[in-house]
Amino acid sequence: RRHTFASPHLYDELMAGCEEVSTSRQGCLAMQRAVEAASENQQALLVAELISRTPQMVRDPFGNYVIQFVLDMGCQETCDAIVEHCLPNLADWACDKFASNVVEKCLRNAGPERLSEMLSEMSEEYVLQRMLQDSYANYVLQTALDHAKGQQFRLIAEASQKHLHMLANSPYGKRLQNRLQIKDVKRSSTSKKKNASFSSSRSVASSRSNSSGSLAADAAAPDVAQVS
C-alpha cells in the first residue's frame with residue numbers, strides 16, 4: 001500500500017536533489033524507500049527524474065543501486081527507457097565497476113526487442129573485443145549468453161570464439177569459455193530430446209498405421225472355413 005509523503009516539501013526536495021541524494025551512502029537507501037512510499041503520481045514523477053539522471057548515476061558506487069532498484073520494480077516501460085540510455089554507452093558501462101551491474105540488470109529485465117538491440121550491439125566487433133578483455137564486462141557477456149537465444153546466441157558465441165585465444169591465460173577468459181561450453185551442451189541436449197521425441201512420435205504413428213492396415217486387411221479377407 002502506498003502513502004503520500006508526510007511533507008510535500010520533502011517530496012519537492014527529493015525531486016530537486018534527486019541525483020545528489022541518490023549518490024550518497026544514506027541517500028541511496030532513502031531514495032529507494034521514498035519511491036516505495038510515494039503515491040502513484042509522486043512515484044511516476046520520481047522515477048522519471050531518476051531515469052533522466054541514469055547516465056550520471058550508473059557509474060556512482062551508490063547511485064547505481066538506485067537505478068537497479070528502479071529496474072527491479074517490474075515496469076517494462078521503465079526498464080526499456082533505461083536500456084535506451086544504456087545502448088549508446090554499452091561498452092563504456094559494461095567495463096565500469098558499478099555501471100556493469102546496471103547493464104547486467106538491463107539484460108535480465110529488458111523486453112524482447114530491447115534485449116535484441118543490446119545483444120546486437122554486443123556482437124559488434126569493436127564492442128566485443130573491448131568487453132572480452134575487461135574483467136567487469138566479461139561478467140556482462142556471461143549474462144548476455146545466458147539470456148541470448150537462437151541466432152542472437154550464435155552471433156555472440158561465434159564472435160567470442162574468434163577472440164578467446166587472446167584470453168587463454170586469463171581467469172575470466174576461461175570462465176567465458178566454460179559458459180559457452182555449458183550453453184552448447186544444454187542446446188545440444190535440448191535438440192537431441194526434441195529429435196528423439198519426434199522420432200518416437202513418428203515410430204508410434206507408423207506402428208499404429210501398420211496395425212490399422214493389418215486389421216483392415218483381416219476384416220476384408222474371406223473366412224476360409226465359410227467358403228469351403
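Under the 3.5 Å distance criterion, the side-chain polar atoms of Ser116 are left unmatched by any main-chain donor or acceptor of Glu113. Looking only at distances, no side-chain donor or acceptor of Ser22 sits under 3.5 Å from a matching main-chain atom of Glu19. Checking side-chain atoms of Asn138 against main-chain N and O of Asp134 turns up no donor-acceptor pair under 3.5 Å. Without hydrogens or angle criteria, Gln152 side chain to Leu119 main chain gives no donor-acceptor distance under 3.5 Å. In this structure a side-chain-to-backbone donor-acceptor pair under 3.5 Å is present from Gln42 to Ser39.
Between atom CG of residue Leu29 and atom CD of residue Gln32 there is a gap of 6.0 Å, rounded to the nearest 0.5 Å. Here the CG-SG distance, from Asn109 to Cys75, works out to 11.0 Å after rounding to the nearest 0.5 Å. Note: Met31 CE to Gln26 CD = 13.5 Å, rounded to the nearest 0.5 Å. Atom CD of Gln68 sits about 9.0 Å away from atom CD of Glu104, to the nearest 0.5 Å. To the nearest 0.5 angstrom, Tyr11 atom OH is 3.5 Å from Leu45 atom CG.
Here the closest heavy-atom approach between residue Ser100 and residue Ala94 is recorded as CB-O, 3.4 Å. Between Phe62 and Thr23, the shortest heavy-atom distance links the atoms CD1-O, 3.6 Å. In plain terms, the two heavy atoms of Val35 and Gln43 that are nearest each other are O-NE2, 2.9 Å. Contact record, Cys95 with Ala137: SG-CB, 3.9 Å, taken as the closest heavy-atom pair. For the residue pair Ala81 and Ile51, the shortest heavy atom distance occurs at CB-CG2, 4.0 Å. Nearest heavy-atom pair across Leu128 and Ile156 is CD2-O, 4.4 Å.
Looking at Arg108 and Asp72, no side-chain N of the basic residue comes within less than 4.0 Å of a carboxylate O on the acidic one, giving no salt bridge.
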Can you list the steps and then say if Leu90 with Glu117 is a side-chain contact (heavy atoms from CB on, under 4.5 Å)? CA-CA 11 Å; Leu90 200 150; Glu117 291 174 351; over 6 Å; no
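Cluster membership for Leu155 and Met118, using ILVMFWY side-chain heavy atoms within less than 4.5 angstrom, is not shared. Side-chain heavy atoms closer than 4.5 Å link hydrophobic residues (I, L, V, M, F, W, Y) into clusters, and following such links, possibly through other members, connects Leu145 to Val127. Follow the hydrophobic side-chain contacts under 4.5 Å out from Tyr126 and you never reach Tyr136; the two are in separate clusters. Linking Ile, Leu, Val, Met, Phe, Trp and Tyr whenever their side-chain heavy atoms come within less than 4.5 Å leaves Tyr65 and Ile67 in two separate clusters.
Pairs passing the side chain to side chain donor-acceptor pair (under 3.5 Å) check and including a residue from residues 78-90, sequence neighbours excluded, read Gln76-Asp80, Glu84-Arg114.
Looking at Trp93 and Cys86, their side chains come closer than 4.5 Å, going by heavy atoms from C-beta outward. A 4.5 Å side-chain heavy-atom check between Leu107 and Met122 finds at least one atom pair inside the cut-off. Taking the side chain as every heavy atom from C-beta outward, Leu71 and Cys106 approach each other to under 4.5 Å. Side-chain contact between Leu50 and Cys18 is present, with at least one heavy-atom pair separated by less than 4.5 Å. Taking 4.5 Å as the limit, some side-chain heavy atom of Glu36 sits within range of a side-chain heavy atom of Phe69. With contacts defined as side-chain heavy-atom distances shorter than 4.5 Å, the pair Val58/Val103 does not qualify. Put simply, the side chain of Asn64 does not reach to within 4.5 Å of the side chain of Met57, judged on heavy atoms. Side-chain atoms of Asn101 and Tyr139, non-hydrogen and from C-beta on, never get closer than 4.5 Å to each other.
A donor-acceptor contact closer than 3.5 angstrom is absent between the side chains of Arg53 and Gln56. Donor-acceptor pairing under 3.5 Å is recorded for the side chains of Glu125 and Gln129.
In this structure, Glu13 places its CD atom where more than 12 heavy-atom neighbours from other residues, nucleotides or ligands lie under 6.0 Å away. A 6.0 Å sphere centred on CZ of Phe98 holds more than 12 heavy atoms belonging to other residues, nucleotides or ligands. No more than 12 heavy atoms of other residues, nucleotides or ligands lie within 6.0 Å of CD in Glu77, so this atom counts as exposed by the packing criterion.
With sequence neighbours left out, the salt bridge (Lys or Arg N to Asp or Glu O under 4.0 Å) criterion links Arg59 to Asp96.
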